[in-house]
Amino acid sequence: MTATGTRAIDPVTTEIIRCALLQAAEDMNTTLIRSSYTPTIYEAKDCAVALLDRDHNVLGQSSGLPIFLGNLEVCTRATEEMYGAQVWRPGDVWVLNDSYIGGTHLNDVTVYAPIFAEDTADGGELIGFAASRAHWIDMGSKDPGGSMDSTSIYQEGLRMGPLKIYQDGEPCEQAHSLIARNVRFPQPTLGDMRAQVACARTGARRFAEIVRRWGLETVLAARDAIFTQTERLEREQIAAIPDGVYEATGHLDNDGIDLDTPLHVTVRVEISGDRMTMDVTDCADQATGPVNCGAAQTVAACRVGYKLLVSGDVPLNGGSFRPLDVLTRPGSMLAAVEPAACQYYYSHLGLVIDLVVKALAPAVPARAAAASYGDSMIVQFTGTDPRNGRLFVSQEATVGGWGAWQTDDGESCLINNVNGSLRDMPVEVLETLFPVRVTEYAVRPDSGGAGRTRGGNGVVREYRFEADQNLSLWWERSVTPAWGVFGGGEGAPPSVVLNPGRNDERELLKVNALAVRRGDVLRCESGGGGGFGPVAERPAEAVREDLRQGLLTRERAAAAYGVDA
């Protein structure tokens, strides 16, 4: 598949093959979710999958976490660059989670396998790869599940890659033993790993079936047609944006260690004809705390921001991003080098995504939106469950408000755009598996930014601890809350309070392994999205409808919009 296909192909066949490849990726994703052992995958769906061609170009990807999409191919490409193309053999499966090569944080593990056209004595012809990335609940970091105060990659757990975990279809027992000995939950961890192996084998079968049905030359021709069409559509949309340089700057609250020092990020977007360049070299140096990532993840974030504005309705494939260049600076928090801690890489990446849109908003107002609440807002409980005497880790992301856009209000209570298809943990699952009770889960009124169209609201989620345990938090966007655009107001920042109304009340946003007691209460309020357009242009009936639905209080309606109920 190094050469382009030579056979002429009609549009109908091309579209059939396109859909077949996309469905193969969805089948992979279903296999992974239904085979996994931990609720992080089977409930929250913290995963993504891809089918690649032999040249590491994306053929099809399922729905999943956007920040995983568009860079799974980095793992297969890096393996081939390290060991040569001859390393790929039928029945082999590999794993990689190194943050500096192609991984994110060490808990996000990529499992991938080569795909061969035929099962013959010489192995047949290499035609592609099946890959998935999923969050493993523990990698043996200094704290169960991951640390909010790590200062080195070596504190964050087992760092792998590229590592072969199956050879000739059989488990590599030494590799499995290595993983099992370095994590706190070996049985579910290896179970999730095997679910990813099953996912890869499903992808291999589906892709081989597609090639067998239409023939490799026809599939190659369809691939080339799909890539060419995608590239053409993206170039056309970029060319419609006025040439120029567009910039936006924001700040992370802190690095989790020095809580008083914000970290800046500037995104500079240059449009020149039908090409776009995103320059993120003007950002803070790599931090002491775990808000760093490798350059590959920054490229992925820039691609997410790009896709929000350019051909967002076209499925991702190897023709995507050809008109996009991303510039990073080694040694910065967006292109960190060893031994930088990388556990909470997505905070600044979510900021980058929103800043891409903010920078280009004046040029494409019909496509741009105000900022969202922006971060994963992690709540993590760990300890020993008195009901069974076992160690547990519960880690969940929190939903919030998205930014408004030209024609409608922002969505309320939605996962942030870094995480896409990720779901918040259902209350019933959380309470069944862990010694905690959710005493309130509701929309946070008044948290969306005011405007002609209103920002989405965040949520209130309150927990009561049913046993002594440790609490870790990673909440962001208080220094740079969700901004409005074109005159819209900013959304409310997040708020987290331990034991509200009691003598021992504490306001927290970031904390690691804080001891809490049975009966303690944690109240979390996520931020809202920014507003779009002047507040005075919002119709009074829209304000009254927000009041009716409980999205707005009477006081806020009067103060922000001048509307009396």
Side-chain angles (χ1 to χ4, degrees), residues 250-254 259 262 347 350-351 353-355 357-358 369-379 397-405 408-418 424 440-463 473-498 500-501 505-510 522-535 538 542-543 545-547 549-563:
H251 293 81
L252 291 182
D253 292 355
N254 49 64
L259 300 181
S347 293
L351 184 59
I353 293 167
D354 273 348
L355 289 173
V357 178
K358 182 180 183 181
S372 70
Y373 78 112
D375 198 64
S376 295
M377 310 299 182
I378 295 297
V379 179
T398 307
V399 298
W402 279 44
W405 63 99
D408 211 342
D409 297 336
E411 292 291 338
S412 296
C413 314
L414 193 66
I415 204 73
N416 67 318
N417 55 20
V418 168
D424 57 326
E440 182 180 356
Y441 195 24
V443 176
R444 180 188 181 189
D446 299 340
S447 53
R452 182 174 68 239
T453 52
R454 166 191 50 73
N457 281 331
V459 296
V460 176
R461 192 163 167 107
E462 188 172 274
Y463 307 84
L473 298 167
W474 188 276
W475 286 59
E476 259 288 338
R477 290 288 180 104
S478 64
V479 172
T480 302
W483 54 80
V485 292
F486 303 111
E490 68 181 26
S495 171
V496 182
V497 180
L498 180 64
E505 175 181 302
R506 292 181 61 181
E507 294 185 3
L508 305 165
L509 286 177
K510 293 185 176 72
L522 180 72
R523 185 175 181 84
C524 303
E525 299 182 354
S526 63
F532 189 110
V535 175
R538 186 164 181 81
V543 177
E545 178 62 18
D546 286 344
L547 279 165
Q549 294 189 25
L551 303 175
L552 201 63
T553 63
R554 294 176 184 273
E555 294 77 14
R556 171 74 167 168
Y561 297 100
V563 174

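Remember, it's a predicted structure, so these values are computed and weren't measured experimentally.
Side chain of Asp253 to main chain of Ser478: a donor-acceptor pair is present (N/O by atom type, distance under 3.5 Å, no hydrogens or angles). A donor-acceptor pair under 3.5 Å is absent between the side-chain atoms of Ser376 and the main chain of Ala397, judged by distance alone. A distance-only check finds no donor-acceptor pair linking the side chain of Asp424 to the backbone of Ile415 [under 3.5 Å]. Formation of a donor-acceptor pair under 3.5 Å by the Arg444 side chain with backbone atoms of Ser526 is found in this model.
Taking CG from Leu414 and OH from Tyr373, the interatomic distance works out to 7.0 Å, rounded to the nearest 0.5 Å. Atom CZ of Arg477 and atom CG of Leu351 lie 5.0 Å apart (nearest 0.5 Å). To the nearest 0.5 angstrom, Thr398 atom OG1 is 7.5 Å from Tyr441 atom OH. Here the CG-CZ distance, from Leu522 to Arg506, works out to 11.5 Å after rounding to the nearest 0.5 Å. Note that OG of Ser412 is 9.0 Å distant from CD of Gln549, once rounded to the nearest 0.5 Å. Atom CH2 of Trp402 and atom CG of Asn416 lie 7.5 Å apart (nearest 0.5 Å).
Nearest heavy atoms, Leu552 versus Ala557: CD2-CB, 3.8 Å. Residues Arg556 and Gly448 approach most closely at NH2-O, 3.4 Å, considering heavy atoms. Nearest heavy-atom pair, Gly530 versus Ala370, reported as atom, atom and distance to 0.1 Å: O-CB, 3.3 Å. The heavy-atom pair separating Val496 from Cys524 by the smallest distance is CG1-SG, 4.0 Å. Across Cys413 and Val459, no two heavy atoms sit closer than the pair SG-CG1, 3.4 Å. Counting all heavy atoms, side chain and backbone alike, Ser372 lies closest to Ala482 at O-CB, 3.2 Å.
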message = Pair Thr553, Asp446 - check side chain to side chain donor-acceptor pair (under 3.5 Å), show working.
response = CA-CA 7 Å; Thr553 63; Asp446 299 340; 2.6 Å; yes
task = Begin with the C-alpha distance, continue with both residues' side-chain angles, and end with the deciding distance and a verdict on side chain to side chain contact (heavy atoms under 4.5 Å, CB included) for Leu509 and Leu259.
result = CA-CA 10 Å; Leu509 286 177; Leu259 300 181; over 6 Å; no
task = Check step by step if side chain to side chain contact (heavy atoms under 4.5 Å, CB included) holds for Leu473 and Lys510.
result = CA-CA 5 Å; Leu473 298 167; Lys510 293 185 176 72; 5.8 Å; no
request  = Report the C-alpha separation of Asp409 and Arg538 in whole Å, then their side-chain angles, then the decisive distance to 0.1 Å, and conclude whether the side chain to side chain contact (heavy atoms under 4.5 Å, CB included) test is met.
outcome  = CA-CA 11 Å; Asp409 297 336; Arg538 186 164 181 81; 2.9 Å; yes
message = Is there a side chain to side chain contact (heavy atoms under 4.5 Å, CB included) between Asp546 and Tyr561? Walk through the geometry before answering.
response = CA-CA 12 Å; Asp546 286 344; Tyr561 297 100; 5.6 Å; no
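Between Ser495 and Trp475, every side-chain heavy-atom pair lies at or beyond the 4.5 Å cut-off.
With hydrogens and angles left out, the side-chain atoms of Asn457 and Ser447 include a donor and acceptor closer than 3.5 Å.
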